[in-house]
Structure formats: C-alpha cells, structure tokens
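Here's the structure, in structure tokens; my notes come after.
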Protein chains: 2
Amino acid sequence: MAREGARSKDSAKPGIKEVAAVAGVSPTTVSRVLNNRGYISQETRDKVHAAMKRINYTPNDIARAMLNGRLNLIGMIVPYVSSPFHAQAVQAVERTLAENGFKMLLCNSANRPDLERSYIDMLRRNMVDGVIVNSLNIGAEAYAEMGLSLVGIDCDLGETSVQIASDSYGIGELATRRLIDDGCSRILCLRNNSRMRMPANKRTDAYHDVVEQAGLPALVREVEFVKSDDEKSAVVAKILDENPDIDGIFAGDDTMAAICLNVMKRRGLSAPDDIKVVGADGARRTMTFMPDLTTVRQDIDRIGELAAQSIIALVNGEKPESNTKLPVELIEGKTA
Amino acid sequence: MAREGARSKDSAKPGIKEVAAVAGVSPTTVSRVLNNRGYISQETRDKVHAAMKRINYTPNDIARAMLNGRLNLIGMIVPYVSSPFHAQAVQAVERTLAENGFKMLLCNSANRPDLERSYIDMLRRNMVDGVIVNSLNIGAEAYAEMGLSLVGIDCDLGETSVQIASDSYGIGELATRRLIDDGCSRILCLRNNSRMRMPANKRTDAYHDVVEQAGLPALVREVEFVKSDDEKSAVVAKILDENPDIDGIFAGDDTMAAICLNVMKRRGLSAPDDIKVVGADGARRTMTFMPDLTTVRQDIDRIGELAAQSIIALVNGEKPESNTKLPVELIEGKTA
DNA sequence: CTGTTAGCGCGTTCAT
DNA sequence: ATGAACGCGCTAACAG
C-alpha cells in the first residue's frame with residue numbers, strides 16, 4: 001500500500017549478513033559470536049566484533065522472536081495511567097521488567113470493554129509472552145483464551161493465573177473502624193461500579209461487616225470510575241444533599257476522598273470537624289499533594305514488583321505463588 | 001538454551017498455513033483475504049473466514065513487520081510515569097496512538113543516562129518506528145544515530161526531529177509576574193538541575209527577565225528532580241533558612257510547589273499570607289488533589305495528542321509542523 | 001572451529 | 001481468480 005515501507009537503497013539497517021560480509025565470515029559465525037554459542041576462535045570473534053562496530057549493527061529481537069517464539073514482551077492493561085495508583089504500579093512493573101530484559105506494551109482501557117477486547121487482540125498479534133491486567137471489564141475467559149501467562153492485579157483471571165492484590169478486606173476494615181472509633185454514626189461508603197469479581201470489592205464487604213457489628217446503618221453509593229471530576233462531584237453533592245446526617249465517609253480511594261473534600265469545602269463543611277473522611281491507596285504522589293489525608297496505604301511498589309516477577313516466572317515455565325495478599329497500613333492524617 | 005521455547009506439538013498458535021489447510025486453499029489466498037488484495041471469489045473469501053474462526057486464527061504483526069519493515073510501534077521515554085505531567089502525557093499519547101493502530105513501548109529512564117542509553121538500544125532492537133522523548137539526559141546525537149523518526153516533548157532532538165512544548169517562557173513570565181503583582185519583593189525560583197538544552201529551562205530565563213525588569217533581586221536554586229520528597233523538602237528547608245526574607249516562590253512545577261507548601265506548613269508559615277507560591281503544569285490529578293494551588297497550566301492532553309500525531313506523520317513520511325509551542329494559562333488559586 | 005541448509009509466519013512477485 | 005517460489009533477519013540442525 002504505502003511505498004515508503006521499502007528500505008531505501010543501502011541505508012537499510014545492517015543485518016547479520018552485512019556483518020558477515022565485512023568480517024569475511026558466514027552469517028552463522030556472526031550469530032555464534034552474538035550468542036556465545038559453540039567454539040569460536042578469538043581471532044574470528046574479534047573480527048566480527050570489529051565489523052559490528054564498523055557498520056553500527058544492532059541485533060533484531062523481532063527476527064529472533066520468530067525463531068524461538070519468545071519476544072520477552074509483556075502487555076499491561078490499566079484503565080488510566082494517569083490515575084495515581086496505576087501510574088505508580090505501571091512504573092514499578094516497567095522498572096522490574098526492564099531489569100530482567102523484558103519490555104512493556106502499555107494499554108489504557110478507559111474501563112471500556114470494547115477497548116479492552118481490541119487490546120487483547122492487539123497483544124496477541126504482537127506476540128506478547130504474557131499480560132498483566134489491572135482493569136477487568138470483560139469476562140476473564142477473554143484472557144484465558146489467549147493461552148498466555150496472566151497476572152491480575154486486583155483481578156481474578158482464573159485458575160491458571162497469578163493474582164496480586166492488597167488485603168482489600170483489610171482496607172475497608174481499617175478505614176471503617178477508624179471512622180467509628182472517631183465517633184461517626186452515619187458513615188457513607190463510596191465504591192466504584194464494577195460488576196466484575198475484583199478483590200477490591202471486598203472493601204465494601206468489610207465496610208458492611210464493620211458497620212453492622214457496630215449496630216450502625218449501612219449507606220453505600222456507587223460512583224462511576226470513568227466519569228470526570230465534575231460529574232463525580234455532582235454525584236457526591238447529591239448524596240450529601242439526600243443524607244444530611246452523614247458524619248463520616250470512606251471514600252473508596254484517595255481521588256474520591258479528594259473530591260469529597262472539595263465538595264465539602266464548597267459547602268462550608270470541613271474535615272474532620274463536620275465530616276470525617278478516609279481514603280485508600282496512599283500513592284506517593286497523592287501523599288505529596290495531600291499530606292493531611294487520612295488513608296489506608298497499599299504497598300503499590302511491591303505490587304508492581306511482584307506482578308512483574310510473577311509474569312516473568314510464568315513465562316519461564318515456573319510456578320510462582322498464585323495468590324498474594326499484601327498487608328495495608330492506616331496512615332493517620334488530619335481528615336479523620 | 002531453554003527447552004520451553006519450542007511450541008508443543010500442535011497446540012502452537014495457528015498460522016496462515018493452518019488456515020489454508022482447513023479452508024482448502026493456498027496460503028497466498030489466505031493472505032489475500034486478510035489484506036483485501038487482488039480479486040478473490042466471495043465463495044473462497046467465506047471459506048477462509050470460516051476457517052480462521054474455526055481454528056481461532058490471529059495474524060502475526062511481528063512476521064508482517066519483517067516483510068514490510070514496519071511494526072507500527074512507538075517507544076516513549078519519560079523519567080517517571082508516576083509524575084503527574086508525564087502520566088497524563090503518556091496516557092494521551094497512548095490513546096492517540098491506539099486510535100491510529102500504533103502501540104507504545106513505555107520506558108522509565110529515572111533521568112539516568114545509562115538507562116536512557118540502554119533503552120535506546122532496546123528500542124532499536126525491537127524495530128520501533130519512532131521514539132517520543134520526554135527525558136533527555138544524554139546528547140541528542142544518541143537519538144539521531146538511531147535513524148528513526150523522533151519527537152521531543154520539551155526536548156530539542158535536532159534538526160530532523162519534531163518538537164512539541166508549551167510556551168515555557170510564558171510559564172515563567174506568568175508565574176513571576178503574578179507574584180510581583182501580588183507585592184512580592186524577594187522571589188525564589190526553583191528549577192531542576194538539567195544541563196540539557198530543554199525549553200523548560202526558559203521558565204528560569206523568564207523569571208530572570210521579569211524580576212530584573214521589576215528591579216528585584218534574582219534568587220534561583222536547583223533541586224534535583226530525581227531526589228525523594230524528603231530530600232527535596234530538606235533542600236527547600238535549607239533555602240528558607242538561608243533566605244528568611246523570601247516572600248514568594250515560583251516552584252518550577254506543581255510537585256515542588258506542594259513540597260514547598262508542606263515545608264512551610266511544618267514551620268507555621270502559610271500561603272499566601274507568609275509566602276506566596278505559584279506552581280506549574282496543572283495536571284488534572286494535581287488539581288483534584290490541590291484545587292487551591294495557584295499555577296500555570298499546560299495543555300498536557302494536547303501535548304500528548306500532538307506528539308502522537310507528529311510521530312505518526314513522520315513515520316508515514318509526512319512533514320508535520322516541526323516546532324509547536326502551546327499556550328499556557330494562569331490558574332488563580334489561593335496560594336498567591 | 002566454521003560453513004551450508006532449512007525454516008519461523010507472512011506478503012509479494014510471477015506464473016497460470 | 002488462484003498457486004508456487006522467494007525472501008525478511010535470524011538461528012538450529014547437520015555437515016565438514
């Protein structure tokens with residue numbers, strides 16, 4: 001279709017063949033030098049290395065992958081990298097992958113099932129060796145069918161996959177208890193609207209259990225993760241209007257906590273005096289911007305690191321721990 | 001080396017060949033159906049499509065790339081995706097690339113020259129068609145030598161590359177003027193320690209010009225971008241100790257602004273009463289967490305979108321605008 | 001120690 | 001309208 005696909009004359013990237021020609025040996029010998037396979041005389045080795053430098057040769061991982069079926073490439077699917085949790089997780093994953101000679105294809109699904117499906121297709125076409133999923137808006141079977149190594153961060157991708165997550169129940173438990181200990185009697189729990197079986201949903205389960213044990217009424221509302229800040233604010237404002245007796249909020253995550261605090265401020269309400277607010281996640285950047293936020297922190301770096309190590313192990317045919325739950329920690333701020 | 005590289009028996013991913021066998025045609029015909037090339041009878045076309053579905057065939061972009069020399073893959077290098085500016089930029093780039101059938105290989109350089117070099121090597125080996133650079137810690141020649149399409153976000157990568165940036169001088173100008181208009185007479189300017197020729201340095205140039213025009217003394221200090229929040233805080237604390245007369249701070253970016261505000265609060269100083277603070281960047285998440293921050297906003301989404309469009313144009317042999325400067329906007333908050 | 005042959009999955013001639 | 005042969009860059013067999 002496009003004419004420019006063809007490499008111009010001799011400006012094409014040199015290959016093993018050109019190196020061989022310059023060095024006066026066969027392509028196979030060059031390959032051997034490249035991979036340190038078999039016996040090669042030091043003399044030949046030097047000639048080849050010199051030739052590679054002379055013509056500025058770079059090996060082609062793509063061609064290699066066609067032979068051995070492995071590209072050392074991992075796909076990672078998140079809803080939005082710009083969300084603090086995902087940004088930090090992606091960074092940790094990429095760093096760990098790179099340290100082990102792997103590369104990352106990044107996908108922002110925007111929590112849209114259609115995009116997620118097309119990303120799955122894209123990843124298959126590009127021979128990724130495994131996928132790390134942090135955004136599940138379709139059936140897990142869609143991933144299982146890929147026949148690839150799978151790691152879910154806060155997602156259950158099925159029997160053969162590895163799952164990495166924080167102690168989600170603990171998050172909801174710590175946050176809710178903190179509010180109750182603080183004297184709250186009408187606690188709002190905000191959760192996103194995912195219908196998928198994600199461990200994160202346990203935050204809400206814990207909330208239910210804890211308020212029930214305390215003999216308090218449950219008040220759970222959903223906020224769509226995909227909406228804009230303004231839309232989320234409107235939802236929160238409406239909830240506060242309809243429930244003027246709310247004196248505590250478990251916001252579900254720190255971004256929602258910030259939005260709640262913003263809505264409150266606009267109506268002259270402050271935390272912790274009028275309403276106490278507890279978030280969740282505690283990403284590094286979030287804490288820089290909101291050092292006073294009371295929240296439950298996840299070890300996001302560790303999550304990313306483990307996810308990367310797990311996918312590498314799976315790709316290598318090893319059997320990593322299949323269901324890791326990381327401890328969480330209540331961070332005392334000034335909003336509760 | 002590894003035995004598991006070999007595909008097991010027939011569980012291997014089906015290729016064009018298997019499809020051909022099932023459909024009872026030649027591989028060439030399957031290829032034609034796949035690419036809508038030449039004339040094919042509707043009957044054959046249907047048979048092929050049926051066969052593809054039957055054996056769950058997925059085309060191999062990698063093999064294709066070896067033929068036409070194009071993988072539609074773009075590398076993107078940032079210091080840290082977890083930084084708000086970069087997170088938002090990466091997200092915008094990826095979204096735009098995906099909409100045009102391109103994929104992104106993400107690289108976190110941590111501003112380390114050695115990592116940046118190894119990423120360059122990695123990208124070459126993986127046949128990327130172009131690179132978007134948002135982290136320049138080595139000579140631009142290292143990129144030019146790749147012989148690939150290049151787009152620099154706030155980086156000058158040389159003659160043949162495209163450069164996308166905000167009006168950096170305008171950022172420094174708006175911020176500094178805002179502080180002077182507010183009555184500040186001893187304004188601190190924080191900048192990162194990059195020695196590279198980045199447009200972002202013009203923020204400091206503008207600061208110099210504006211304070212000079214106002215007959216005020218200049219006070220510029222460097223803070224290493226790679227340091228931890230605690231280390232940055234210590235640096236800021238030291239600067240404040242040594243210059244107790246500071247009444248205004250142009251923080252360079254919003255993260256530094258947040259750190260300054262945190263240090264101030266710890267010493268009982270508040271903005272804008274004691275010291276006025278103006279940041280820069282105005283990433284979406286930052287504004288959610290710090291809605292009261294006075295800052296100069298860049299259109300980060302637009303930057304990412306333009307960067308993606310430009311690299312695609314370059315890869316396609318077109319000539320996009322080579323040096324785009326995007327307007328910036330002062331956001332009135334309550335810290336100045 | 002080194003070269004030759006074959007082929008990974010695919011698209012593109014050139015025939016038929 | 002369809003098929004056979006060749007090659008992309010590289011490596012695993014199998015000679016020598």
Side-chain angles (χ1 to χ4, degrees), chain A residues 1-3 5-8 10 12-48 51-52 55-72 124-127 129, chain B residues 1-8 10 12-21 23-48 51-52 55-72 124-127 129:
Chain A
M1 195 153 283
R3 208 145 316 213
R7 314 283 188 38
S8 44
D10 52 358
K13 274 175 221 140
I16 205 183
K17 205 169 181 172
E18 284 74 42
V19 176
V22 173
V25 297
S26 78
T28 306
T29 300
V30 176
S31 173
R32 287 205 179 90
V33 172
L34 230 38
N35 301 287
N36 276 318
R37 244 189 266 305
Y39 288 71
I40 308 143
S41 73
Q42 189 56 44
E43 187 187 8
T44 307
R45 188 188 302 277
D46 292 342
K47 272 195 305 186
V48 171
M52 297 196 306
I55 61 178
N56 191 24
Y57 167 79
T58 308
N60 187 330
D61 283 10
I62 261 50
R64 278 179 165 150
M66 292 215 35
L67 280 274
N68 59 212
R70 256 185 76 164
L71 189 48
N72 285 5
R124 283 197 68 190
R125 300 163 69 114
N126 286 277
M127 286 187 59
D129 303 299
Chain B
M1 198 153 284
R3 209 144 316 212
E4 54 272 314
R7 314 282 188 38
S8 45
D10 52 0
K13 274 174 220 140
I16 206 182
K17 204 169 182 173
E18 283 75 43
V19 176
V25 298
S26 78
T28 307
T29 301
V30 177
S31 172
R32 286 204 179 89
V33 172
L34 231 38
N35 301 286
N36 275 319
R37 245 190 266 304
Y39 288 71
I40 308 142
S41 74
Q42 189 57 43
E43 187 186 7
T44 306
R45 189 188 303 276
D46 292 342
K47 273 194 306 186
V48 171
M52 296 196 306
I55 61 178
N56 190 23
Y57 167 79
T58 308
N60 187 330
D61 283 10
I62 262 49
R64 278 179 162 149
M66 292 214 35
L67 279 274
N68 59 213
R70 255 185 77 164
L71 189 47
N72 285 5
R124 285 196 67 190
R125 301 163 69 113
N126 285 278
M127 285 187 61
D129 302 300

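So that the names make sense, note that chain A is the first sequence line, chain B the second, and so on, each numbered from 1.
The shortest non-hydrogen separation linking B:Arg64 to B:Pro59 is NH1-CB, 3.6 Å. For B:Tyr57 against B:Leu34, the heavy-atom pair with the smallest separation is OH-CD2, 3.5 Å. Of all heavy-atom pairs spanning B:Val33 and B:Ile40, the tightest one is N-CD1, 3.7 Å. In terms of heavy atoms, A:Arg70 sits closest to A:Met127 at N-CE, 4.5 Å.
Taking atom CZ on A:Arg125 and atom P on C:dC10, their separation rounds to 10 Å, with Å as the unit. The interatomic distance linking A:Arg70 (CZ) with C:dC8 (C1') rounds to 17 Å, in whole Å. One atom, CD1 of A:Ile40, and another, P of C:dG3, lie 11 Å apart when rounded to the nearest Å. The interatomic distance linking B:Leu71 (CG) with C:dG11 (P) rounds to 13 Å, in whole Å. Put simply, CG on A:Asn36 is 13 Å from P on D:dA12, counting in whole angstrom units. The distance between atom CE of B:Met127 and atom P of D:dG9, rounded to the nearest whole Å, is 9 Å. A straight line from CG of B:Asn35 to P of D:dA1 spans 17 Å, rounded to a whole angstrom. Atom CG of B:Asn126 is separated from atom P of D:dC10 by 13 Å (rounded to the nearest Å).
If you check distances only, the side chain of B:Thr44 never reaches the base of D:dA1 with a donor-acceptor pair under 3.5 Å. Remark: the A:Thr28 side chain and the C:dT4 base include a donor-acceptor N/O pair separated by less than 3.5 Å.
In this model, the phosphate group of D:dT11 is not approached by any side-chain N or O of A:Arg37 to a distance below 4.0 Å at OP1 or OP2. B:Asn60 has no side-chain polar atom (N or O) that falls below the 4.0 Å cut-off from OP1 or OP2 of C:dC10. Contact between the side-chain N/O atoms of A:Thr29 and the OP1/OP2 oxygens of C:dT2 is not found at any separation under 4.0 Å. Listed pair B:Arg64 / C:dG11 meets the phosphate criterion, a side-chain N or O lying under 4.0 Å from OP1 or OP2. Distances shorter than 4.0 Å separate none of the side-chain N or O atoms of A:Asn68 from OP1 or OP2 on D:dA12.
Shown here is B:Glu43, whose CD atom has no more than 12 heavy atoms of other residues, nucleotides or ligands within 6.0 Å.
Distances were taken from every side-chain heavy atom of A:Arg32 (C-beta onward) to each of D:dC10, C:dT2, D:dC8; the shortest belongs to C:dT2. If you check D:dC10, C:dC1, C:dG11 against the side chain of B:Leu67, the one that comes closest is C:dG11. Distance from the side chain of B:Met66 is smallest to D:dG9 among D:dG9, C:dC10, D:dA4.
Going from atom CG of B:Asn126 over to atom CG of A:Leu71 covers 6.0 Å, rounded to the nearest 0.5 Å.
Remark: the B:Ser31 side chain and the B:Thr28 side chain contain no N/O donor-acceptor pair separated by less than 3.5 Å.
A heavy atom closer than 4.0 Å to some atom of DNA chain C occurs in no member of residues 17-24 of chain A.
The salt bridge (Lys or Arg N to Asp or Glu O under 4.0 Å) check on A:Asp129 picks up nothing, with sequence neighbours excluded.
Of the two residues near DNA chain D, B:Gly38 and A:Leu34, the one whose nearest nucleotide lies more 5' is B:Gly38.
Residue contacts shown for A:Val30 are absent, as no nucleic acid heavy atom lies under 4.0 Å away. Across all strands shown, A:Pro59 has heavy atoms under 4.0 Å from sugar-phosphate atoms exclusively, and none from any base.
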